[in-house]
Amino acid sequence: MMFTIAAAAIIVAHICAVIRALKGPTVFDRVLAANTIGTAAIMLLAVMGFLAKRPEFLDIGLTYALLNLIGTLAVLKWFRYGDLAHGEEDERGDT
Amino acid sequence: MELIINVLSWGFILAGSFFYVVGAIGLLRMPDVFTRMHAASTSDTTGAALLLIGMMLQAGVSLVLAKLMMLLFFILFTGPVATHALARAARYAEVEPVLANDGAKPKKVSTTKAKPSKAKAKAKPAKRKAKS
């Protein structure tokens, strides 16, 4: 029962994040929504593992946690430098 | 003993669900990128941590507990890093935050904010006249 409630809350969060990703005015809103969707997907995987009594889902969740961070940082770097493999000499003066 | 663990687990999972829904509503309704980031990090750290602690209580001492702790560790470290990078990138791209006492309307804000800020801009000069 409690896992059902948790799954419902996470699905509501998913829906809100998808709406924000669809209508976000700047690209950063979309990246933020994508990050939130990633974390919510991890939590949904864990909760579904408990609901179905199959804790193997947690391994997939661990992988998602790492991929989520790498994906967010890669997208942000792309929009900041226009390039994923810039050297130090390409650094635009910024603290 | 089992009853205590169950009650604690219920409490943690209900609190986590609450924080998750609140963060999602904030993500949907806040006026600009930075406030949305603030709302989303509520659900990403507090909500996720409370849910995971509730699940840990249900798991008991096993491999599942270790995996849940690793998941909690990752989420607590990667969430703030991603939010920090996002805020820095947004500042670098010159996205202006909406300020409470902003008379002029900032450049890049969502269209839903347009009406309230206009009303504020009208209200402000009137107040100044009243003072002087």
Side-chain angles (χ1 to χ4, degrees), chain A residues 1-3 5-17 19-21 23-29 31-36 38-40 42-47 49-50 55-59 61-66 68-73 75-81 92 94-95, chain B residues 6 9-10 12-14 16-30 32-34 36-37 39-41 43-45 47-48 51-52 54-55 58-59 62-64 67-68 70-71 73-75 77-79 81-83 85-90 92-93 95 108-112:
Chain A
M1 185 59 199
M2 61 179 133
F3 294 124
I5 294 173
I10 294 168
I11 288 173
V12 169
H14 254 118
I15 293 169
C16 291
I19 293 171
R20 175 48 68 199
K23 73 176 199 184
T26 64
V27 69
F28 302 107
D29 289 298
V31 174
L32 177 66
N35 194 21
T36 306
T39 315
I42 298 165
M43 297 312 298
L44 193 59
L45 270 173
V47 170
F50 273 89
E56 301 91 47
F57 282 130
L58 285 173
D59 298 332
L62 276 172
T63 318
Y64 263 36
L66 293 175
N68 194 17
L69 175 74
I70 301 296
T72 305
L73 292 184
V75 171
L76 288 176
K77 195 172 177 185
W78 174 264
F79 278 105
R80 181 159 169 182
Y81 298 110
R92 298 185 213 161
D94 160 65
T95 51
Chain B
N6 269 337
S9 180
W10 263 103
F12 274 116
I13 286 187
L14 280 185
S17 306
F18 171 75
F19 273 106
Y20 236 99
V21 173
V22 166
I25 293 171
L27 181 65
L28 207 54
R29 291 193 47 88
M30 286 291 190
D32 72 336
V33 186
F34 299 98
R36 271 174 215 146
M37 228 174 271
S41 52
S43 69
D44 271 9
T45 51
L51 280 179
L52 283 174
M55 281 185 247
Q58 284 290 308
S62 60
L63 185 62
V64 177
K67 281 177 190 168
L68 283 171
M70 279 167 73
L71 206 51
F73 181 81
F74 277 134
I75 285 181
F77 274 89
T78 60
V81 170
T83 309
L86 194 59
R88 236 186 97 158
Y92 183 80
V95 177
K108 293 172 190 171
V109 287
S110 78
T111 47
T112 52

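Predicted model only: the values in this text are computed from it and were never measured.
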**Q** Taking side chain as everything from C-beta outward and backbone as N, CA, C, O, which of these in A:I15 sits under 4.5 Å from a heavy atom of chain B? Side chain, backbone, both or neither.
**A** neither
**Q** Give the member of B:S17, B:A85, B:G47 that has the highest number of heavy-atom pairs under 4.5 Å with chain A.
**A**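 Looking at each option in turn, the highest pair count goes to B:S17.
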**Q** Tell me, side chain or backbone of A:V47 under 4.5 Å from chain B's heavy atoms, or both, or neither?
**A**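 When you check distances to chain B, atoms from both the backbone and side chain of A:V47 fall under 4.5 Å.
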**Q** Any side-chain heavy atom of A:F50 within less than 4.5 Å of one from B:I13?
**A**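 They are not in side-chain contact.
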**Q** Check the surroundings of atom CZ in B:F18: do more than 12 heavy atoms from other residues, nucleotides or ligands lie under 6.0 Å from it?
**A**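 No, not enclosed.
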**Q** Any idea which of A:N68, A:D59, A:T72, A:V12 has the most non-hydrogen atom pairs under 4.5 angstrom with chain B?
**A** A:D59
**Q** So how far is it from B:F74 CZ to A:L69 CG, rounded to the nearest 0.5 Å?
**A**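 Between B:F74 CZ and A:L69 CG, I get 10.0 Å after rounding to 0.5 Å.
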**Q** Less than 4.5 Å apart, any side-chain heavy atom of B:M55 and any of A:M43?
**A**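 B:M55 vs A:M43: side chains touch.
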**Q** Measuring heavy-atom distances to chain A, does B:L71 have an atom under 4.5 Å in its side chain, in its backbone, in both, or in neither?
**A** both
**Q** With heavy-atom distances below 4.5 Å as the criterion, would you say the side chains of B:M37 and B:L27 are in contact?
**A** no
**Q** Among B:L68, B:L63, B:I25, which has the most heavy-atom pairs under 4.5 Å with chain A?
**A**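 So the answer, after comparing B:L68, B:L63, B:I25, is B:L68.
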**Q** Non-hydrogen atoms of chain B under 4.5 Å away: do they reach the side chain of A:F28, the backbone, both or neither?
**A** both
**Q** Looking only at side-chain N and O atoms, does A:D29 offer a donor or acceptor that is under 3.5 Å from a partner on A:T26?
**A**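 Yes, A:D29 and A:T26 have a side-chain donor paired with an acceptor closer than 3.5 Å.
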**Q** Does any heavy atom of chain B fall under 4.5 Å from the side chain of A:Y64, the backbone, both, or neither of them?
**A**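 Neither part, no heavy atoms under 4.5 Å.
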**Q** Heavy-atom distance under 4.5 Å to chain B: side chain of A:A40, backbone, both or neither?
**A**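 Contact with chain B is through both the backbone and side chain of A:A40.
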**Q** Where on B:L52 is there a heavy atom nearer than 4.5 Å to chain A: the side chain, the backbone, both, or neither?
**A**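 Looking at B:L52, backbone and side chain both touch chain A.
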